[in-house]
Amino acid sequence: RLLVGRSGACPLWFPLVQSPGVFALDGDMAGYDDDLNDCEVNGNWTPQEKALHEARLKAKAKRRLRKSSSRNSTSDSLSESGELLPGGDSPKGKVNANDRKSRTGKGRGLPKKGGAGGKGVWGAAGMVYEVEEPDAKDPNYDEGDTVYATVVPELDEKLLEKTVNPIVKEYFEHGDTKEVQALLKGLNLGAHKFEFSSLALCLSLEGKASHRELTSRLLSDLLGKELSQADMARAFDKMLKELPELILDTPEAPKMLGQFLARAIADHVLPMAFLDCYKGKVDCVHARAALDRAAVLLSMKREIVRLDNVWGVGGGLRPVKHLVKEMILLLKEYLVSGEVSEAERCLKDLEVPHFHHELVYEAIVMVLESKGDTAIHMMMKLLQSFWKSGLITVDQMNRGFQRVYDELPEICLDVPHAHSIMETFVDLCYQESVITKHLRDTCPSRGRKRFVSEGDGGLVKN
């Protein structure tokens, strides 16, 4: 049989030999390829020719794949030292997908770049990296060494007042200067350090005598730690300039500021020549009054040693013995002057409401030790005034009388008529509603022994 194919005007004749299940092609294959390419160019293939051409291309590709696989599995490769190495471990005719050797048959058959050329790898084993110099074009580039530190923003005047006022008010309650110092370390006052002293002085002027005493101690303890002498001087200078405004709320501000100045100079918070800087340079009347008050206190003999009591004796921070002496002095001055209002003011300045029973006790003892009825009526009048004003409470009044009741036997050793005087004073206080009926009834009385006449045998009547 003959398989006839045409391409254009040129007929092609191929002798076809048939065998069982196989068709073999005879003839010049090179000539067939050339004619087949000509037919491909003309584009006049028959379906049979096209199928035959595709079969031949597939067979050719398979033959090439077998040759390359056989070459890779049987060929030897050279090592870096130049010795022959046996072929790959993969089976003949199969390609190992994880093999990093070149499959083109070129090169020495070693891994690419020594195994250090892949994406995202650390590099070859034993590789030492050099220190990379910073790039000036890097947006994160920083010249010199980077130092990290906690930065606290500086407080302005408004925020400073809101922050300092609670600290000072809390200090007036606990009186611990170390706690205030620890709180100031956490604040960035900057150029407004002196404002802390001026704010503390303003708050103490509006407070009690004990608050002013605590403020003087605080300024003394903060000197050299958180505040300097220059800061203290600036604070007092500001207070002197603001006296016309301070006097509206605190009429005694010039006098108090003068005492603050004297106490600060005595505690070496301010230099000794601080007052000399203002001589002849102050036009404000109130500022001159404050400076004159400080100069008078400092010029008194030995006054600089006793200026620690410039604010009086107040609060529970003072020793008990000292408070007792002050109360005795208060009562003696009252017996001389007879001014109840002055005695009431002095008792308030002591600021020890829990210790008022001591005043009641000392007042009754003075009555028992006195001669005449003048002291009885004056002390009754004083206790009555304290009772009506609420300065001395019921508890403190009862406690003072009860202490005298308990110690009356010992007092009788020095004052034989103490029982009779005590009964008279208690009755008078009860009539003026100073004490309760129960307190009057509990007053101890000494029993009288009445003897019979001589004819009765000297027996004591029941």
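In this text, all values refer to a predicted model and were calculated from it rather than measured experimentally.
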(message) Restricting to non-hydrogen atoms, name the atom on W387 and the atom on I392 that form the minimum distance, rounded to 0.1 Å.
(response) CE3-O, 4.0 Å

(message) Among Q402, E362, R403, exactly one meets side chain to side chain donor-acceptor pair (under 3.5 Å) together with H357. Which residue is that?
(response) R403

(request) Run the salt-bridge test on D267 and R263 with the 4.0 Å N-O cut-off and return the result as yes or no. (result) yes

(message) I'd like to check E358 versus V352 (side-chain heavy atoms, cut-off strictly below 4.5 Å). Are they in contact?
(response) no

(request) Could you tell me how the ring of F274 sits relative to the ring of F236: parallel (under 30°), tilted (30 to 60°) or perpendicular (over 60°)? (result) perpendicular

(request) Look at the side chain of T250 and the backbone N and O of I247, then say whether any donor-acceptor pair between them is shorter than 3.5 Å. (result) no

(request) For residues M422 and I364, report the shortest heavy-atom separation together with the two atoms involved. (result) SD-CG2, 3.8 Å

(request) Output yes when E213 and R217 qualify as a salt bridge under the 4.0 Å nitrogen-oxygen rule, no when they do not. (result) yes

(message) Looking at every heavy atom in both V367 and S370, which two are closest together, and how far apart are they?
(response) O-OG, 2.8 Å

(message) Determine whether a donor-acceptor pair (N or O, by modelled atom type, separation under 3.5 Å) exists between the side chain of D373 and the backbone of I376.
(response) no

(message) Could you go through K348 and E344, starting from their C-alpha distance and side-chain angles, then the distance that decides it, and tell me whether this counts as salt bridge (Lys or Arg N to Asp or Glu O under 4.0 Å)?
(response) CA-CA 6 Å; K348 288 181 180 179; E344 185 175 351; 3.7 Å; yes

(message) Under 4.0 Å between a side-chain nitrogen and a carboxylate oxygen: does that hold for K279 and D276?
(response) yes

(request) Might you point out which heavy atoms bring F260 and S216 nearest each other, and give the distance in Å? (result) CE2-OG, 3.4 Å

(request) May I ask you to decide whether D349 forms a salt bridge with R345, counting only side-chain N to carboxylate O separations under 4.0 Å? (result) yes

(message) Under a 3.5 Å distance rule, please check whether S228 uses its side chain to pair with a backbone N or O of G224 as donor and acceptor.
(response) no

(message) Can you confirm whether the side chains of Y361 and E407 place a donor and an acceptor under 3.5 Å from each other?
(response) yes

